Amino acid sequence: MSDMRCDIELTVNGETVMETVEARTTLVDFLRETLALTGSHVGCEHGVCGACTVRVDGAIVRGCLMLAAQCNGAKVETIEGVSDSGQIADLQSAFERRNALQCGFCTPGMLLTAQELLSNGGVPSRETIREHISGNYCRCTGYQAIVDAIEAVAQARAGGRK
Amino acid sequence: MKIVEDSPPVLTALDRPNSYIGRSVPRPNLARLAQGRAQFVTDVTLPRMAHVAFVRSPHAHARIKTIDATAAKKSPGVIAVVTGAELAKVITPWVGVLTHLKGIKSAPQHAIAVDRACWVGEAVCAVVARTRAEAEDGCEKVTVDYEELQAVTDPETALDAKTPVIHPDLGDNLTFERVHSAGDPDNGFAEADAVVEATFMFGRHTGVCNEPRAIVADWNEGEQRLTAYHATQAPHMMQNLFAKHLTLSEHQVRVVTKDVGGSFGIKVHTYADEMATVALSKLLKRPVKFVADRIESFVTDIHARDHRVKGRIGVKNDGTITAWEIDALSGIGPYSVYPRTSGIEANQIVNLTGGPYTCPNYKARARVVFQNKNVMCQYRAVGHPIATAVTEGLVELAAVKIGMDPLEIRRRNLIADDAHPSQGPSGIKFEALSHHASLAHLDSMMNYAGLRAEQAELRKQGIYRGIGFASFVEVTNPSAAFYGVGGAKISAQDGATVRLDATGAIFCHTGVSEQGQGAEAVIAQCVATSFGVPMEQVRVIMGDTDNTPYGGGTWASRAAGIGGEAAWQAGKALRGNVLAVAGSILQTTPDTLDVRNGAVVDAATGTERMPLHELARICYFRPDTLPAGVQSELVATRHYVPRAWAFSFTNGIQASYLEVDTDSGFVKLLKHWCIEDCGTVINPQLVDEQIRGGVVQGLGAALFEHCLYDQRGQLLNGNMADYLVPMAVEMPDIECGHVVTPTADSELGAKGAGEAGTAGAPGCVMNAINDALRPLNAKLLTDMPFTPDKILRALGKV
Ligand code: FES
Ligand code: FES
């Protein structure tokens with residue numbers, strides 16, 4: 001419960017962070033509340049919506065299903081860091097031009113999930129794209145614009161036209 | 001990537017040089033959202049901010065005997081534990097009725113239940129603590145002693161004599177009833193060659209905004225002022241309500257709405273827990289934050305669409321529809337929601353049924369009854385999905401009965417495109433619609449004949465595909481007829497203030513707000529065009545009652561049509577002001593000049609005479625050089641409200657193509673089409689994406705979404721694992737097309753586009769499923785959502 005605390009040391013977006021957290025604190029709450037990295041969102045807190053998607057040691061995870069204490073020694077990346085690194089600039093630009101985000105609440109998670117698929121290389125089919133993002137809930141767009149944007153970036157990257 | 005191509009403007013009045021009207025320009029606010037640099041209310045943190053969590057009733061109906069907060073008050077981090085009775089000293093209760101819904105009644109609702117809880121999830125006690133986690137710990141330590149009362153959970157028996165009355169003072173459980181008769185329905189049915197009837201059931205469902213409801217209330221005791229950072233669709237409405245129920249004057253309340261993570265009608269109502277949060281801030285003299293978690297969202301965000309409609313249609317063998325009749329029953333919550341009421345959706349079902357068609361013989365009854373379930377109110381496309389599914393379901397059944405093609409029966413009955421102005425069977429007035437042009441567009445876009453041939457071919461192989469249609473009309477651009485005439489302080493008009501800054505860029509302050517639909521972009525497009533600057537030089541300010549003209553906000557598909565027109569007119573007015581001063585600087589008459597692309601130009605030749613930044617420099621810093629008596633006015637405000645028509649109806653038609661797996665009962669959506677007519681299209685891509693998002697919300701209602709209650713009023717699936725929402729893999733690609741019939745009520749001619757998708761999709765899918773299963777003699781499916789078990793039962797397989 002609330003009286004269990006632990007010290008953790010990790011890197012978040014390349015910066016070393018040392019904090020004391022309650023054992024029950026989820027990774028996404030830690031990022032949002034302790035580190036004020038509010039780009040990762042909380043939509044359900046039970047692992048369904050994908051709004052809390054972040055990267056831990058290179059793999060995407062649901063920040064609401066992982067505890068901050070589990071991230072001791074880990075390398076955590078959030079939308080803020082990934083944006084600033086420029087590695088998804090083409091994907092962000094495609095989302096903006098194709099209006100693949102409306103309210104934008106799902107978008108940070110959606111972008112990180114899409115980037116995971118795209119980093120496998122090649123041009124996935126629309127069905128594969130739809131399947132891959134099916135753990136990320138979007139209430140606004142109806143998904144088609146998101147699929148279009150991801151597909152376009154896959155084609156551009158495959159053609160070497162970043 | 002299929003970015004929708006720019007289309008030329010449709011109206012010469014809008015065809016200014018460098019016009020942005022009709023262009024798919026990207027929204028200026030997207031980069032911020034895509035980089036995780038938005039500011040949602042859930043992200044807001046203030047100094048000394050505390051968090052509130054609520055103890056919520058586990059019973060659908062119970063007397064609150066005692067609340068023991070002793071242990072909770074000692075819980076680490078807890079600042080205060082406040083009951084309903086204590087909070088009632090700070091905030092007054094409300095009653096959700098409007099005078100234009102004759103006879104509607106409801107009981108006073110408190111911010112926190114006093115004495116009695118009336119649905120599972122109603123807040124009975126608040127715990128305020130330093131963190132949300134500590135507030136929740138505190139809630140666990142509050143002991144509430146309840147005496148369970150009998151819950152009213154079946155709308156069909158809500159009015160029976162033996163059913164308890166939820167609010168005895170009201171006399172019965174009837175919230176609202178409307179009876180309507182027009183033309184000669186009895187004669188209409190008598191002269192029909194066939195009469196078809198069916199009972200349509202609609203599963204109660206909800207909005208599931210990705211960002212839950214959230215508010216940070218900051219009462220500043222020194223200023224005697226409340227600032228509410230609130231994810232709302234209607235900042236000025238909430239300013240009025242917070243002031244009224246905290247007994248403040250309106251200028252003591254500021255509502256700030258920054259980014260909102262989806263709303264869809266969910267965030268346009270008064271929520272008891274949000275009212276409690278502002279009251280707690282006043283009580284505790286410090287900022288208090290409330291964010292609904294997903295579980296509490298399911299039991300407190302308004303639900304919608306809990307309707308049972310018995311419908312009947314008369315038809316002649318030549319396809320002529322001769323009469324309509326509906327009997328609708330809606331089970332709402334224990335209170336009519338404030339201030340828009342829970343009677344509007346049923347009222348809209350009466351208004352809209354039969355709406356696209358010429359047959360005037362119409363009989364309707366709608367009753368709305370109280371239930372011990374979560375409250376029900378207006379959600380995207382209010383009433384339209386119900387009225388459309390009933391109307392279009394009946395029309396397709398009639399077509400089957402007389403052996404006529406479903407598009408042909410529509411051709412024979414839809415109001416002719418040249419017959420406007422016209423009216424629907426309920427008396428709703430249509431300025432100008434394009435049903436036949438839309439139908440023809442759909443027919444060719446989907447290759448209807450080709451699909452029918454494919455369907456027939458596949459049936460031989462045991463593959464069951466269906467094609468379904470739904471024509472629809474959609475309420476947009478509401479005048480005061482929607483709420484204002486009923487006594488609600490909800491502005492129908494909206495305003496825009498445009499200001500030239502000292503560098504030649506402009507600020508546009510608008511009363512409409514953004515929840516992701518693109519209002520900010522649309523306002524910028526309008527004002528950039530009518531004033532004459534590049535869009536990059538427009539900054540739009542919205543969502544702040546201290547800093548925007550008084551307005552209604554964003555609901556009922558009004559932001560583009562009403563807010564856009566105000567911005568358009570304000571831009572024009574500022575252009576006039578700028579040209580007046582430019583004329584005196586350049587010693588020419590203003591009407592020989594224009595503002596284009598950020599400069600004052602010669603109107604005839606387009607030759608630049610003076611950049612705007614130079615004009616601004618002179619006006620702001622060297623006004624001494626202006627001719628004597630010339631005072632520049634570099635701010636202009638204009639307002640707009642539709643006057644000629646109560647509503648600007650749009651219209652359209654949708655089609656669904658799907659396949660039913662007759663072994664598993666699963667429905668695979670293959671393709672969806674939507675043709676709609678929202679008048680002038682300001683931004684084609686944004687319109688299409690509103691349609692697509694709306695369609696998918698309707699598809700969710702048709703196939704998945706259902707708030708399942710048991711007889712004791714327990715919500716059985718109130719979480720995102722059990723309440724199914726559409727995910728990407730289940731959704732089809734959606735093709736959109738447009739017919740453009742501008743409204744003459746505004747210069748812009750734009751109508752709303754945000755709800756048409758949701759209006760038509762469920763009925764369309766219902767018709768397609770029944771079309772698919774017709775050769776198998778399956779029972780008619782009219783009970784949404786169409787889950788695999790219902791389909792297998794219709795097929796007689798389980
Ligand atoms: S908040 Fe983590 S999956 Fe929804
Ligand atoms: S853009 Fe709003 S939830 Fe995806």
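The chains referred to below are lettered A, B, ... by the order of the sequence lines, with proteins before strands, and numbering in each begins at 1. What you see is a predicted model; the values in this text were computed from it and never measured.
- Legend: residues meeting salt bridge (charged side-chain N to carboxylate O under 4.0 Å, His left out) with A:E80, ordered by chain and number and at least two apart, are absent.
- Comment: A:R98 engages B:E689 in a salt bridge, judged by a side-chain N to carboxylate O separation of less than 4.0 angstrom.
- Interface remark: A:Y143 contributes side-chain atoms only to the contact with chain B (heavy atom separation under 4.5 Å).
- Proximity to chain A involves both the backbone and the side chain of B:V208, based on heavy atoms less than 4.5 angstrom apart.
- Within the model, atoms SG of A:C44 and CD1 of B:I295 stand 8.5 Å from one another, a figure rounded to the nearest 0.5 Å.
- Between the side chains of B:T554 and B:E514, not a single donor N or O lies within less than 3.5 Å of an accepting N or O.
- Per-residue heavy-atom pair counts under 4.5 Å with chain B were compared for A:N99, A:D29, A:I88, and the maximum is reached by A:N99.
- Proximity to chain A involves both the backbone and the side chain of B:D43, based on heavy atoms less than 4.5 angstrom apart.
- Applying the side chain to side chain donor-acceptor pair (under 3.5 Å) criterion to A:H132, with sequence neighbours excluded, gives A:E116.
- With a 4.5 Å cut-off on non-hydrogen atoms, B:E211 touches chain A through its backbone and its side chain both.
- In terms of non-hydrogen atom pairs under 4.5 Å with chain A, the most contact-rich of B:A31, B:P212, B:G757, B:S297 is B:A31.
- Looking only at heavy-atom pairs under 4.5 Å with chain A, the residue among B:L686, B:L33, B:V696 that has the most is B:L33.
- Of the listed residues A:V42, A:D84, A:V147, A:T107, the one with more heavy-atom pairs under 4.5 angstrom with chain B than any other is A:D84.
- Annotation: the span from A:C71 atom SG to A:E9 atom CD amounts to 13.5 Å, rounded to 0.5 Å.
- Atoms NZ and CE, on B:K258 and B:M542 in that order, are 14.5 Å from each other to the nearest 0.5 Å.
- Both the backbone and the side chain of A:S134 come within less than 4.5 Å of a heavy atom of chain B.
- A:Q102 and B:Q690 share a donor-acceptor pair across their side chains, judged by distance under 3.5 Å alone.
- The shortest distance between side-chain heavy atoms of B:K671 and B:E735 falls below 4.5 Å.
- With a 4.5 Å cut-off on non-hydrogen atoms, A:L101 touches chain B through its backbone and its side chain both.
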Which donor-acceptor pairs under 3.5 Å do side chains of residues 717-732 of chain B form with protein atoms, sequence neighbours excluded?
residue: B:N717; atom: OD1; partner: B:L708; partner atom: N; Å: 3.0
residue: B:N717; atom: ND2; partner: B:H706; partner atom: O; Å: 2.7
residue: B:N719; atom: OD1; partner: B:A721; partner atom: N; Å: 2.8
residue: B:N719; atom: OD1; partner: B:D722; partner atom: N; Å: 2.8
residue: B:N719; atom: ND2; partner: B:D722; partner atom: OD2; Å: 2.9
residue: B:Y723; atom: OH; partner: B:T206; partner atom: N; Å: 3.1
residue: B:Y723; atom: OH; partner: B:T206; partner atom: O; Å: 3.4
residue: B:Y723; atom: OH; partner: B:E705; partner atom: OE1; Å: 2.7
residue: B:E730; atom: OE1; partner: B:M727; partner atom: N; Å: 2.8

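- Listed in order of number, the residues of residues 46-70 of chain A that approach chain B to under 4.5 Å between heavy atoms are A:H46, A:V48, A:C49, A:A51.
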